[in-house]
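Inspection log for the structure reproduced underneath, given as structure tokens.
Here is the naming used below: chain letters follow the sequence lines, and residue numbers restart at 1 for every chain.
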Amino acid sequence: MPELPEVETVRRGLNQFTLNQKITGGDVLLHRTIAYPSSPSEFVTAIQGSAIAAWHRRGKYLLAELSDSGGALGVHLRMTGQLLWLQQDEPLHKHTRVRLFMAENRELRFVDQRTFGQMWWVPPDVPVESVMTGLGKLAVDPFSAEFTTEYLATKLQKRRRPIKTALLDQSVVAGLGNIYADEALFLSGVLPNTLCTDLHQEQIERLRSSIIQVLQTSIEAGGTTFSNFLNVKGVNGNYGGVAFVYNRDGEPCRVCGTAIKRTKLAGRSSHFCEQCQRAS
DNA sequence: TATATTTCCTGACTGC
DNA sequence: TGCAGTCAGGAAATAT
């Protein structure tokens, strides 16, 4: 499932291959993939004729600036979404949802098995947040200068909920998902069910640096292999082999050898080492 | 207001 | 082998 490192890997690939490519047409195979406008044909008409000026990332959202005030194109991969840079005559994948046609017989193909992924067209001179509403409550990016210990402490203070649940909340940290939340908690030595109100200052500082570290490591490795994530050229990442806890329940901790445990918090599985991680 | 739960969906997996 | 049930998870909607 794409989290910040996978989305960032996709963004870099898109900036490498699709810049200045003019969108000559499109085909929406699954209507509900288009979150805005409500009509898929209106979506295609709106972006047709524009070129892609730059790809940006905000949390797990991708945003393409369109040339000549064509507005913007927003994409969220959700669980299983993939953006692939292909030749148009490449056989259609079973779960192809949207095709954006470019020059020289190329296309940007959106493939999404579980159909949770979404695309938006943001009209020019309209605040992006008014169309892509999820952006409105998005927290700061973990790689930004604003992501300080003070910022995180403020977000967590007086919250009586488990830290794992808080880390998955995109209004607390932008871009974390289940995999990297578990990994960051392991690196910082904090148990996932620790209440935010019980965290000490030094634990919050460790958590902040662990979040940055685990995300940075994965970006450098080109994403993860925990899921069916593929970069824009259809190639797997290679982070999976070095996960400390995620999806390793029953296996020995890589640090102390204790069996990794799994519990459920807010409907999501959480993996931890009860020897290396403490509540406080 | 804050937090928890449900919902959307498909394919892999498990047990019978 | 085939079927039914369960599980996985991001984020919006709904419930507590």
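- For the OP1/OP2 pair of C:dA8 and a distance below 4.0 Å, the side-chain nitrogens and oxygens of A:Lys264 include at least one atom meeting the criterion.
- Heavy atoms only, all atoms of each residue included: A:Gln113 and A:Thr80 are closest at N-OG1, 3.3 Å.
- For the pair A:Thr96 and A:Arg109, the minimum side-chain heavy-atom distance is below 4.5 Å.
- Between A:Thr165 and A:Lys94, the residue whose closest nucleotide on DNA chain B is further toward the 5' end is A:Thr165.
- Salt-bridge annotation for A:Glu104 and A:Lys22: absent, with no side-chain N of the basic residue lying under 4.0 Å from a carboxylate O of the acidic one.
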Mind listing the N/O atom pairs, protein and nucleotides 1-3 of chain B, below 3.5 Å?
unit_1: B:dT3; atom_1: OP1; unit_2: A:Arg160; atom_2: N; d: 2.8
unit_1: B:dT3; atom_1: OP2; unit_2: A:Arg159; atom_2: NH1; d: 3.3

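- The nearest whole Å value for the distance from the CD atom in A:Gln82 to the P atom in B:dC9 is 20 Å.
- Checked for salt-bridge contact, A:Asp169 and A:Lys155 miss the test: no charged N lies under 4.0 Å from a carboxylate O.
- The side chain of A:His76 places an N or O atom within less than 4.0 Å of a non-bridging phosphate oxygen (OP1 or OP2) of C:dA11.
- With contacts defined as side-chain heavy-atom distances shorter than 4.5 Å, the pair A:Ile219/A:Leu4 qualifies.
- The nearest whole Å value for the distance from the CD atom in A:Gln113 to the P atom in B:dG11 is 5 Å.
- Computed from coordinates, the A:Arg268 CZ to C:dC7 C1' distance equals 11 Å when rounded to whole Å.
- Between A:Thr80 and B:dC9 there is no side-chain polar atom (N or O) within less than 4.0 angstrom of OP1 or OP2.
- Taking hydrophobic clusters as Ile, Leu, Val, Met, Phe, Trp and Tyr residues chained together by side-chain heavy-atom distances below 4.5 Å, A:Leu191 does not share a cluster with A:Leu152.
- The phosphate of B:dC9 (OP1 or OP2) has no side-chain N or O of A:His95 nearer than 4.0 angstrom.
- The pair A:Glu8-A:Arg12 counts as a salt bridge, with a side-chain nitrogen and a carboxylate oxygen less than 4.0 angstrom apart.
- Between the C1' atom of C:dA12 and the CG atom of A:Leu168 lies a distance of 15 Å, rounded to the nearest Å.
- For the contact set between residues 115-123 of chain A and DNA chain B, defined by any heavy atom under 4.0 Å, the members are A:Thr115, A:Phe116.
- Within the 4.5 Å cutoff, side-chain heavy atoms of A:Thr33 are placed close to those of A:Leu30.
- Between the side chain of A:Glu220 and the main chain of A:Thr217, no donor-acceptor pair closer than 3.5 Å is present.
- Remark: A:Asp89 CG is packed, more than 12 non-hydrogen atoms of other residues, nucleotides or ligands lying under 6.0 Å away.
- Judged by atom type and distance alone, A:Arg114 reaches the base of C:dG9 through a side-chain donor-acceptor pair under 3.5 Å.
- Contacts of A:Thr133 with the nucleic acid, taken as non-hydrogen atoms under 4.0 Å apart, are absent.
- When rounded to the nearest whole Å, the span between CG of A:Asp249 and C1' of C:dA8 equals 13 Å.
- For C:dG9, one of the phosphate oxygens OP1 or OP2 lies less than 4.0 angstrom from a side-chain nitrogen or oxygen of A:Tyr246.
- One atom, CD1 of A:Ile179, and another, P of C:dG10, lie 8 Å apart when rounded to the nearest Å.
- Across all strands shown, A:Gly134 has heavy atoms under 4.0 Å from sugar-phosphate atoms exclusively, and none from any base.
- As a whole-Å value, the separation of A:Gln170 CD from C:dA13 P is 16 Å.
- Here C:dG9 presents its C1' atom at 14 Å from CG of A:Leu265, a figure rounded to the nearest Å.
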